[in-house]
Amino acid sequence: MNIRTFLEQRVRNAMSACGLAGNPGLQPAARPEFGDYQVNGIMGVAKQARRNPRELAGEVIAALDLDGIAEPPELAGPGFINLRLTPAFLAEHLATPLAVTPAGNPQHVVVDYSAPNLAKEMHVGHLRSTIIGDAVVRVLSTLGHTVTRQNHVGDWGTQFGMLLTHMQEAGASSAELADLEAFYVQAKQRFDSDAEFAMRSRANVVALQSGEVRARAAWQRFIDISLSHCQAVYDRLGVLLTAADVQPESAYNDDLPEVIRDLATAGLLTQSDGAQCVFLDEFKGKDGNVLPLIVQKSDGGYLYATTDLAAIRYRARTLRADRVLYFTDARQALHFRQVFAVARAAGFAPPDLQLEHLPFGAMLGRDGKPFKTRAGGVVKLTELLDEATQRARAIVNAKSAELPEEERARIAHAVGIGAVKYADLSKNRTNDYLFDWDQMLSFDGNTAPYLQYACTRIRSIFRRVDADFPAVDMAPAHAAERQLAMQLLRYQEVVETVAAEGLPHFLCVYLYDLATRFSQFYEQCPVLNAEADDRARRLGLCARTLATLEGGLGLLGIEVPERM
RNA sequence: GCGCCCAUAGCUCAAUUGGAUAGAGCACCAGGCUUCGAACCUGGGGGUUCGGGGUUCGAGUCCCUGUGGGCGCGCCA
């Protein structure tokens with residue numbers, strides 16, 4: 001249950017009973033003295049109604065029906081209303097098993113994420129889209145939305161000409177294609193230095209596009225190998241993407257001429273310097289120039305804007321999506337603004353289709369510059385994950401040498417991969433972020449290992465419980481219990497916020513706060529040695545905390561080891 | 001030239017989208033294991049939220065402006 005929206009509705013009812021309309025502005029309390037939730041909106045409403053805010057807040061309080069739910073509301077400051085939930089209410093909701101309540105308006109959501117270029121190997125630039133997109137997919141699914149994952153991989157374009165030529169002439173064996181990055185570099189080098197090779201490469205592009213059988217077969221082979229590289233990375237990362245989610249650029253090839261025709265029919269097309277462009281007034285600058293969106297090159301070729309328009313058309317018409325989310329880096333913000341606007345204007349996207357670009361910043365090294373190898377090259381994702389598990393392994397070996405070898409390996413995987421994912425997820429998506437091994441693998445602070453550790457402590461308690469513990473009154477009897485309980489009950493509202501905003505760091509902050517409160521509770525409240533009722537109630541809190549931490553980490557795609 | 005984004009403690013990040021006294025971790029200082037995992041917990045110092053105006057009962061958050069940084073903008077994706 002979303003307690004926040006529940007309380008908000010009660011306040012809204014009270015406001016309308018007083019003849020007021022407006023946002024109650026209900027939020028979790030900023031400080032413990034302010035109770036559990038605070039109402040901020042009365043002051044704004046009072047301003048509108050030209051009334052005294054404190055007086056008005058008093059009237060709302062009088063009309064507020066929270067019997068059995070909250071203590072008598074408190075009027076504070078210039079017109080805040082502070083709400084404190086009753087022990088009985090807390091007890092009632094702690095006693096029900098943890099479950100995320102489905103959304104009242106389930107949608108069909110298409111999530112476009114990861115989207116590597118198959119010409120090259122996956123590198124750190126694909127990490128954020130893959131991890132963040134996957135977490136949001138899990139959150140949406142848990143809330144009962146129908147989610148279609150779409151991995152819009154780049155499998156088409158002129159660079160495949162040189163790759164095919166190089167494959168046909170130099171290295172067609174799987175061994176040589178094992179290192180796609182090196183293969184690409186070799187092909188590019190030949191393309192740049194050998195005019196004959198470049199010519200054959202361009203011929204290959206034409207052959208490919210015209211559907212010539214041998215070129216298509218070679219291309220398909222290359223794509224298959226490249227996709228298997230991607231899948232290996234996805235499997236190690238533990239993201240949900242599979243071959244079934246691949247919806248490559250080439251899938252839209254046949255639609256591209258239709259897209260152009262539709263744009264022409266809608267009267268949106270303008271020829272400019274030989275290229276077909278769409279000019280929309282909303283992209284007019286102060287200097288009077290209008291930014292074009294080029295949809296067809298002067299040589300007749302199509303561009304990624306064309307493909308993205310075709311994809312929107314497909315998602316609206318064939319998939320009948322209600323909402324489409326794009327997880328790509330922030331540099332593409334203008335591109336998507338333009339594509340969305342053109343899709344609306346052309347009728348590809350009906351007015352009620354939500355199109356959202358959810359951008360993210362760059363991944364920087366400790367020096368604050370783009371994350372690169374020492375030599376200045378791109379960091380392959382497989383190498384990054386190797387290092388993550390190696391570093392985690394070293395820590396596990398040092399701290400838990402007594403555990404069996406095979407278990408330490410599993411722990412190192414969970415901790416290493418979890419640390420990398422959590423480091424990314426826990427920061428506000430929209431900003432650049434610093435990639436720092438020592439920080440993400442630390443057991444202090446807002447990190448995956450800290451949360452995983454909290455889980456193993458709770459599990460350790462349950463390993464010592466021999467019998468089932470009886471159901472008892474869950475009303476908190478200690479300040480630390482109450483702090484923990486209140487946080488537990490906020491899970492639903494946080495999950496819903498992540499779904500609405502596409503910002504998983506809200507969930508991370510929540511889980512870290514929960515784990516911190518648990519640690520405080522654990523310090524202050526003995527569980528196993530407590531008197532019977534205390535023991536049962538505290539075990540109940542432990543069970544609920546473990547379920548919430550595991551559930552939350554699960555939504556982030558992070559595993560929790562039994563011991564560590 | 002036009003446009004977008006960013007600037008919060010020494011460092012890395014929050015601040016629920018305009019709410020009450022800007023919070024965490026690291027680092028620094030001082031404490032806590034004969035009781036459930038000390039990979040933990042408790043306390044302390046540390047801030048002109050880049051500068052300057054403005055709107056508002058209330059601004060880190062909105063508007064204007066200056067500085068510094070990043071990025072995008074006709075035939076790559």
Side-chain angles (χ1 to χ4, degrees), chain A residues 4 25 27-31 33-34 38 40-41 43-44 46-47 53 76-80 82 115 117 119 154 156-159 249 272-277 283-289 291-299 301 303-305 307-308 328-335 337-338 359 361-362 366 368 395-396 398-400 426-428 430-434 436 438-439 442-447 449-450 452-454 456-465 493-494 497 501 503 505-506 508-510 512-513 516 519-520 522-530 538 542 563-564:
Chain A
R4 180 178 179 169
Q27 289 181 3
R31 316 171 142 270
E33 314 88 273
F34 301 155
Q38 59 185 65
N40 299 334
M43 291 164 296
K47 182 75 179 174
F80 295 100
N82 294 333
N117 179 351
W156 205 248
T158 49
Q159 77 257 44
E249 288 182 342
S272 173
D273 293 336
Q276 296 295 334
C277 303
F283 295 101
K284 188 188 287 185
K286 288 273 181 268
D287 56 3
N289 294 328
L291 274 178
L293 182 71
I294 304 180
V295 293
Q296 189 170 24
K297 297 193 281 185
S298 50
D299 68 2
L303 296 109
Y304 78 136
T307 312
D308 279 333
T328 79
D329 72 277
R331 287 176 303 186
Q332 297 188 48
L334 176 60
H335 166 74
R337 269 180 55 214
Q338 289 185 289
R366 283 178 72 158
I395 295 169
V396 174
K399 306 231 180 199
S400 303
S426 62
K427 276 140 199 149
N428 188 325
T430 54
N431 297 351
D432 292 350
Y433 93 102
L434 235 71
D436 183 340
D438 293 332
Q439 190 164 301
S442 167
F443 290 79
D444 296 301
N446 190 8
T447 67
Y450 178 83
Q452 289 166 325
Y453 174 65
T456 60
R457 280 170 121 188
I458 302 174
R459 284 189 164 159
S460 177
I461 291 174
F462 284 106
R463 277 198 297 272
R464 292 163 188 272
V465 177
E493 74 186 48
V494 172
T497 303
E501 312 287 337
L503 289 171
H505 84 280
F506 285 136
C508 296
V509 168
Y510 167 82
Y512 176 58
D513 192 359
T516 301
S519 291
Q520 291 161 351
Y522 184 86
E523 203 74 19
Q524 296 174 44
C525 302
V527 178
L528 295 174
N529 299 329
R538 288 173 182 173
C542 287
R563 300 185 291 185
M564 61 190 281

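Just so we're on the same page: letters track the sequence lines, and every chain starts at 1.
- Contacts of Glu493(A) with the nucleic acid, taken as non-hydrogen atoms under 4.0 Å apart, are absent.
- Residue Leu434(A) is the one, among Leu434(A) and Phe34(A), whose nearest nucleotide of RNA chain B lies closer to the 5' end (criterion: closest heavy atom).
- For Tyr304(A), the listed nucleotide lying nearest its side chain is A77(B); candidates were A39(B), A77(B), A14(B).
- Between Lys399(A) and A38(B), a side-chain N or O to OP1/OP2 separation shorter than 4.0 Å is absent.
- Taking only side-chain atoms of Asn529(A), from C-beta outward, the nucleotide of A38(B), C6(B), U35(B) with the closest atom is U35(B).
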Please tabulate, one pair per line, each protein N/O and nucleotide N/O from nucleotides 25-33 of chain B that are separated by under 3.5 Å, including the distance.
none

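- In this structure C33(B) sits in the syn conformation; its chi angle is within 90° of 0.
- Counting only heavy atoms from C-beta on, Met564(A) has its side chain closest to A39(B) among A39(B), U17(B), G19(B).
- One donor-acceptor pair, N or O on each side, does fall under 3.5 Å between the base of A39(B) and the side chain of Ser400(A).
- When the side chain to side chain donor-acceptor pair (under 3.5 Å) test is applied to Ser460(A), no partner is found at least two apart in sequence or on another chain.
- Side-chain N/O atoms of Arg464(A) include one lying less than 4.0 angstrom from OP1 or OP2 on G37(B).
- Of the candidates U17(B), A38(B), C2(B), the closest approach to any side-chain atom of Asp287(A) belongs to C2(B).
- Remark: Gln27(A) is in phosphate contact with U17(B), judged by side-chain N or O atoms under 4.0 Å from OP1 or OP2.
- A9(B) sits 11 Å from G45(B) when the C1' atoms are compared, rounded to a whole Å.
- Taking OG1 from Thr497(A) and CD from Glu493(A), the interatomic distance works out to 6.5 Å, rounded to the nearest 0.5 Å.
- Straight-line distance from the CD1 atom of Ile458(A) to the P atom of C40(B): 15 Å, rounded to whole Å.
- You won't find any donor-acceptor pair under 3.5 Å spanning the side chain of Gln159(A) and the base of A77(B), going by distance alone.
- Here Gln27(A) contributes atom CD and Phe80(A) contributes atom CZ; the two are 9.5 Å apart, rounded to the nearest 0.5 Å.
- With Gln276(A) as reference, Val295(A) is the one residue of Val295(A), Leu303(A), Ile294(A) to meet the side-chain contact (heavy atoms from CB on, under 4.5 Å) rule.
- Glycosidic conformation of U17(B) is syn; the angle stays within 90° of 0.
- Closest approach of Tyr450(A) to Gly445(A), counting heavy atoms only: CB-O, 3.4 Å.
- Phosphate contact (OP1/OP2 of A15(B), side-chain N/O of His505(A), threshold under 4.0 Å): present.
- Going from atom CZ of Arg31(A) over to atom P of U21(B) covers 8 Å, rounded to whole Å.
- The minimum heavy-atom distance between Asn82(A) and Ala76(A), with the atom names listed, is ND2-CB, 3.5 Å.
- Residue Tyr510(A) places none of its side-chain N or O atoms closer than 4.0 Å to OP1 or OP2 of A24(B).
- The Arg331(A) side chain lies nearest to C71(B) when the options are C41(B), A20(B), C71(B).
- Checked against G19(B), C40(B), G37(B), the side chain of Asn40(A) finds its nearest nucleotide in G19(B).
- Arg366(A) has no side-chain polar atom (N or O) that falls below the 4.0 Å cut-off from OP1 or OP2 of C11(B).
- Among the protein residues, Asn428(A) comes within range of the sugar-phosphate backbone only, with heavy atoms under 4.0 Å from sugar or phosphate atoms but none that close to a base.
- No donor-acceptor contact under 3.5 Å links the side chain of Tyr453(A) to the base of A39(B).
- Figure legend. U56(B) is base-paired to no nucleotide; pairs are counted as Watson-Crick or G-U wobble with both atom distances under 3.5 Å.
- Atom CD1 in Ile395(A) sits 9.0 Å away from atom CE in Met564(A) (nearest 0.5 Å).
- Rounded to an integer number of Å, the gap from CZ of Phe283(A) to P of C4(B) is 12 Å.
- Between Phe506(A) atom CZ and A15(B) atom C1' the separation is 9 Å, expressed in whole Å.
- As judged by a 4.0 angstrom heavy-atom cut-off over every strand, Ser519(A) is placed among residues touching the sugar-phosphate backbone only.
- Under the Watson-Crick and G-U wobble criteria, each requiring two contacts below 3.5 Å, nucleotide A30(B) is paired to U42(B).
- Minimum heavy-atom separation, Ala530(A) to Arg538(A): CB-NH1, 4.0 Å.
- Among A38(B), C36(B), U21(B), the nucleotide with an atom closest to any side-chain atom of Glu33(A) is U21(B).
- Atoms OH (Tyr450(A)) and C1' (A38(B)) sit 12 Å apart, rounded to a whole Å.
- Cys525(A) comes within 4.0 angstrom of a nucleotide base, judged by non-hydrogen atoms across all strands.
- Between Ala29(A) and Gln38(A), the closest heavy-atom pair is CA-OE1, 3.5 Å.
- Candidate nucleotides C13(B), C75(B), U16(B) were compared by shortest atom distance to the side chain of Ala275(A), and C75(B) ranks first.
- A gap of 12 Å separates the C1' atoms of U16(B) and U61(B), to the nearest Å.
- Nucleic acid contact class of Tyr522(A) (heavy atoms, under 4.0 Å, all strands): base.
- Of all nucleotides listed (G37(B), G74(B), U17(B)), G37(B) comes nearest to the side chain of Thr456(A).
- Of the candidate nucleotides U17(B), G72(B), C75(B), C75(B) has the atom lying nearest to any side-chain atom of Asp273(A).
- For A7(B), its base never sits under 3.5 Å from the side chain of Asp432(A) at any donor and acceptor pair.
- Of the inter-residue distances, the one linking Leu528(A) atom CG with Phe462(A) atom CZ reads 9.0 Å to the nearest 0.5 angstrom.
- Contacts of Ala76(A) with the nucleic acid, taken as non-hydrogen atoms under 4.0 Å apart, include base atoms.
- Using atom P as the reference point in both G44(B) and G53(B), the two lie 34 Å apart (nearest Å).
- In this structure, G3(B) forms a base pair with C71(B), meeting either the Watson-Crick or the G-U wobble geometry with both donor-acceptor distances under 3.5 Å.
- At C36(B), none of the side-chain N or O atoms of Arg459(A) fall inside 4.0 Å of OP1 or OP2 (strictly under the cut-off).
- Taken to the nearest 0.5 Å, the CG atom of Asn428(A) stands 7.0 Å off from the CZ atom of Phe506(A).
- Going from atom OG1 of Thr307(A) over to atom CH2 of Trp156(A) covers 11.0 Å, rounded to the nearest 0.5 Å.
- Base engagement by Leu503(A) is indicated by at least one non-hydrogen atom pair under 4.0 Å involving a base atom.
- OP1 or OP2 of U42(B) sits under 4.0 Å from a side-chain N or O of Gln520(A).
- Among the protein residues, Asn82(A) comes within range of the nucleic acid bases, having at least one heavy atom under 4.0 Å from a base atom.
- Summarising the base pairing, A14(B) is matched to no nucleotide, lacking a Watson-Crick or G-U wobble pair whose two defining distances lie under 3.5 Å.
- Among the heavy atoms of the strands lying under 4.0 Å from Ile294(A) is at least one base atom, whether or not backbone atoms are also near.
- Rounded to a whole Å, the CD atom of Gln338(A) is 13 Å from the P atom of C4(B).
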